[in-house]
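In the text below, chain A, chain B and the rest are named by the order of the sequence lines, each starting its count at 1.
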Amino acid sequence: MLTLDTLVIVLLALALVVFLGEPFLHPTVSALSSGEEDARTALTLQKATLYTAIHDLDFDFRTGKVDQQDYEELRSQLEKEAATVLRQLDQETLHSSSMPASQGQCPHCSIPLQGGENYCPSCGSLLLSSKEA
Amino acid sequence: MIDIGAIALRFAFVAALYGVFAGVLGGCYGRPALVRSAERAAHAVFGLVSIAMIVLLYALLTHDFRLQYIASVSNRSMPLFYLIASLWGGQEGSMMLWLWILVGYSSLVTLQNQQRNRELMPYVVATLMATSLLFLTMLIFAEDPFQQLARVPRDGQGLNPLLQHPLMVIHPPNLYLGFVGFAVPFAFGLGALASGRLDNQWLYSVRRWTLVAWLFLTVGILLGGQWAYVELGWGGYWAWDPVENASLLPWLTGTAFLHSVMIQEKKGMLKVWNMALVIATYGLSIFGTFLTRSGVISSVHAFAQSSLGNYFLLYLGIALAISVALLLKRLPQLRSDHRLESALSRESSFLFNNLFLVGMTFAVLWGTLFPIISEAIRGVKISVAAPFFNQVNVPLGLALLFLAGVCPLIAWRKASAKNLQRNFLYPFTWSLLSTALLYAFGIRHVVALIALTVCAFTFGTVVLEFYRGMRVRRGNKGWGYALFALIGRNRRRYGGYIVHCGVILIFLGITGSSAYQIEENLVLQRGEQQRVGHFTLQYDDLRHSIQATHEAFIATIRVRNAEKELTTLYPEKRLYFAQNQPTTEVALRTSLLEDLYIILAGFESSGTITLKVFINPLVAWIWLGGVVIVLGTLIAIWPERRWPLQQRRYDLAAPAAAQQEA
């Protein structure tokens with residue numbers, strides 16, 4: 001007995017299966033994320049935190065919450081930490097810029113690469129040899 | 001039509017179950033296709049639950065009394081506004097609303113993070129789907145909104161008259177938007193634990209979600225208090241009722257979390273504590289829902305006795321076990337990056353803030369659970385009422401408020417004691433002055449004096465903060481620009497200060513209405529008048545009226561003060577036909593100074609009436625405070641340009657550069 005309700009239910013079930021199964025028809029080679037991206041994101045986050053801390057400290061000094069001595073002491077500490085992070089970020093960029101072409105394929109669409117490209121000739125995505133993220 | 005709704009729920013159950021497994025497996029084994037499929041499951045569940053909601057709503061609007069739920073919460077004579085609201089008037093419907101908000105949030109979070117947090121998202125989706133499964137299970141196997149009646153009644157029972165009030169319509173959705181909102185930070189926390197990505201990335205991702213959830217919960221609690229005040233007619237707005245406490249508990253830990261994340265962001269400390277807090281907040285949200293719905297406690301709020309308790313407890317047990325196991329597994333990686341530089345620092349004051357809030361949480365939890373546990377073990381019903389809660393929470397609350405005043409005076413990392421003393425002086429002097437003034441004006445109530453002093457102090461520090469900040473930001477432009485620039489540069493901080501101002505207003509309102517409430521019982525004959533406080537009340541007439549849904553006895557009370565006629569108030573006693581339940585309609589005259597609150601307690605055939613009259617000072621300030629809190633939170637939530645996105649040149653070697661604002 002094919003009522004309208006039954007029809008709708010069957011269609012719903014089909015739609016569900018198709019919707020959930022579709023990703024399996026387009027397998028991507030890329031992993032969830034590369035280890036390099038992880039390191040770079042973590043360092044960028046650290047940099048942002050340190051910059052904010054310096055900014056806050058400057059403001060606290062100007063609004064009279066920290067005296068001159070403490071201010072200079074704390075600021076030089078933060079500056080040292082920030083310099084370290086910046087150095088590490090630079091190393092990451094250098095490291096990754098010498099890597100991608102040797103992988104031989106685009107991380108997004110997996111076509112083989114010649115090496116030295118900034119953009120994938122097939123899918124157009126930015127390759128890691130360019131500026132830091 | 002009904003079948004479609006029921007089937008949609010069952011399909012949603014299957015999709016959610018799939019989402020849990022696909023997410024976990026996809027994350028563990030690094031399978032992007034599986035993860036994308038799990039994310040689609042989140043969207044599918046939202047779509048399916050929406051279909052079920054639409055079906056239910058349609059049945060409600062067309063008075064389809066084949067459905068047991070529709071017949072129990074609505075009837076043909078209800079106005080459209082309350083008809084829609086009756087969707088969440090009963091157990092099944094309100095759980096559907098909870099679920100729909102949850103899966104809506106899940107879908108939104110998934111959408112927001114299509115290109116971000118890729119390592120976390122499999123587990124985030126799995127956690128949110130698992131929570132959905134709890135409610136889907138209960139809605140399918142225990143409290144089915146699509147259950148049909150053997151015999152279709154001609155008319156339904158209608159909504160409980162206590163719920164037929166605009167406040168009652170928006171109070172539950174607000175609360176749910178809050179409770180459910182805390183599932184998202186929890187899901188990200190678990191995602192961070194499961195994936196091992198334990199840096200602060202998950203904190204940044206959930207910052208706005210946490211604020212939004214906290215805001216809705218705050219508004220929901222205040223609306224509930226306002227509804228109790230206006231509708232329940234006992235003269236107050238908070239009774240430390242177990243269900244009220246259930247909503248307060250996640251609010252307390254959520255507030256602690258909002259503050260302690262700042263320490264983790266700035267110093268990489270308290271990582272384990274923050275995880276514990278986010279787990280606790282989520283757990284308390286679920287626990288609160290359990291308390292309200294399981295029939296474990298009797299309260300004006302509580303739904304009828306049900307079998308739901310077991311589902312909730314089992315789920316809570318599993319969720320807590322998994323969370324704690326993951327936390328223990330990652331404990332070595334959750335070490336602090338730094339130590340506290342100084343005991344006198346903003347970080348340490350945040351620590352104290354957390355201690356007080358968690359202390360209050362334990363106190364309220366103990367006071368709420370003790371009667372239940374005592375009854376279960378000893379069979380003796382003890383009630384823990386307002387005095388206990390007030391004794392613990394009033395001092396802690398005042399200590400917190402004081403802390404909110406001291407904290408802005410202290411710098412991050414390390415404050416100089418000399419500077420602190422100097423900065424402390426102004427607000428301290430100002431607060432002493434205000435106390436002296438208040439004393440001179442006749443305020444003698446000790447706790448009220450202390451509370452008002454602390455309020456003055458904290459307000460003073462906030463004003464000072466704004467002033468100092470504006471002075472720095474002004475350069476040679478105007479003060480208006482200075483204010484705008486100040487708030488714009490650091491929305492979280494200054495939005496937070498505005499929220500504190502809202503809290504001060506609430507404290508003022510609570511102090512006024514608690515310490516200086518006047519309560520009187522009057523017996524009046526027709527035409528008689530009596531004085532209460534500085535009001536004169538004249539009883540003119542008692543009318544009897546019959547409406548579609550109820551009959552009412554309405555008294556006409558004319559209100560005067562020494563100089564002139566103020567207003568006429570109409571306290572009522574109603575009897576709703578459908579429920580055969582009498583209710584009181586409070587007559588309220590609100591002003592900034594005080595509320596005049598009149599209840600028609602009783603009447604006789606001779607026309608003599610008994611009135612219960614309250615004068616509640618400063619109650620309006622509580623609701624005003626709520627508005628200010630909303631404003632402050634909106635400012636804090638508003639997107640701020642963040643450092644990494646700005647291409648500012650920052651010269652690290654030259655402190656003098658800080659003098660120039662880019």
Side chain, backbone, both or neither of [X] within contact of chain A (heavy atoms, under 4.5 Å):
X	answer
L48(B)	side chain
R471(B)	neither
N200(B)	both
Q201(B)	both
L486(B)	side chain
E39(B)	neither
I410(B)	backbone

At a 4.5 Å cut-off on heavy atoms, which part of [X] comes close to chain B: side chain, backbone, both, or neither?
X	answer
A13(A)	both
Q77(A)	side chain
L16(A)	side chain
Q69(A)	neither
L20(A)	both
D70(A)	side chain
L78(A)	side chain
V8(A)	side chain

(request) Apply ring-ring contact (aromatic ring centres under 6.0 Å, His included) to F19(A) and list each qualifying residue two or more places apart in sequence or on a separate chain. (result)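 F19(A) satisfies ring-ring contact (aromatic ring centres under 6.0 Å, His included) with no residue once adjacent residues are dropped.
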Please tell me if the side chains of [X] and [Y] come closer than 4.5 Å, counting only heavy atoms from C-beta onward.
X	Y	answer
T63(A)	Y467(B)	no
K65(A)	R468(B)	yes
F59(A)	N490(B)	no

(request) Using atom types as modelled and distance alone, determine if a side-chain donor or acceptor of D5(A) lies under 3.5 Å from a backbone N or O of M1(B). (result) yes
(message) Tell me whether F24(A) at atom CZ has more than 12 heavy atoms from other residues, nucleotides or ligands lying less than 6.0 Å away.
(response)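 More than 12 heavy atoms, drawn from other residues, nucleotides or ligands, come within 6.0 Å of this atom.
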(message) For the OH atom on Y426(B), are there more than 12 heavy atoms of other groups (residues, nucleotides or ligands in this structure) within a distance under 6.0 Å?
(response) no
(message) Using every non-hydrogen atom in the two residues, find where A33(B) and P23(A) come nearest and quote the distance to one decimal.
(response)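 That would be O-CB, 3.6 Å.
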(request) Kindly indicate, with the supporting measurements, whether the criterion side-chain contact (heavy atoms from CB on, under 4.5 Å) is fulfilled by R493(B) and D56(A). (result) CA-CA 11 Å; R493(B) 180 191 288 200; D56(A) 282 343; 3.9 Å; yes
(request) Would you check, one step at a time, whether the test side-chain contact (heavy atoms from CB on, under 4.5 Å) holds for T49(A) with Y204(B)? (result) CA-CA 11 Å; T49(A) 313; Y204(B) 286 115; 3.6 Å; yes
(message) Working to the nearest 0.5 angstrom, can you tell me the gap between I9(A) CD1 and R10(B) CZ?
(response)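 Taking CD1 in I9(A) and CZ in R10(B), the distance rounds to 10.5 Å.
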(request) To the nearest 0.5 Å, tell me how far L50(A) CG sits from K266(B) NZ. (result)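 Those atoms lie 11.0 Å apart.
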(request) Would you mind telling me which of S76(A), G64(A), A53(A) has the largest number of heavy-atom pairs within less than 4.5 Å of chain B? (result) G64(A)
(request) Check side-chain hydrogen bond (donor to acceptor under 3.5 Å, both in side chains) between N117(B) and all other residues, then give those that pass, not counting sequence neighbours. (result) N113(B), S205(B)
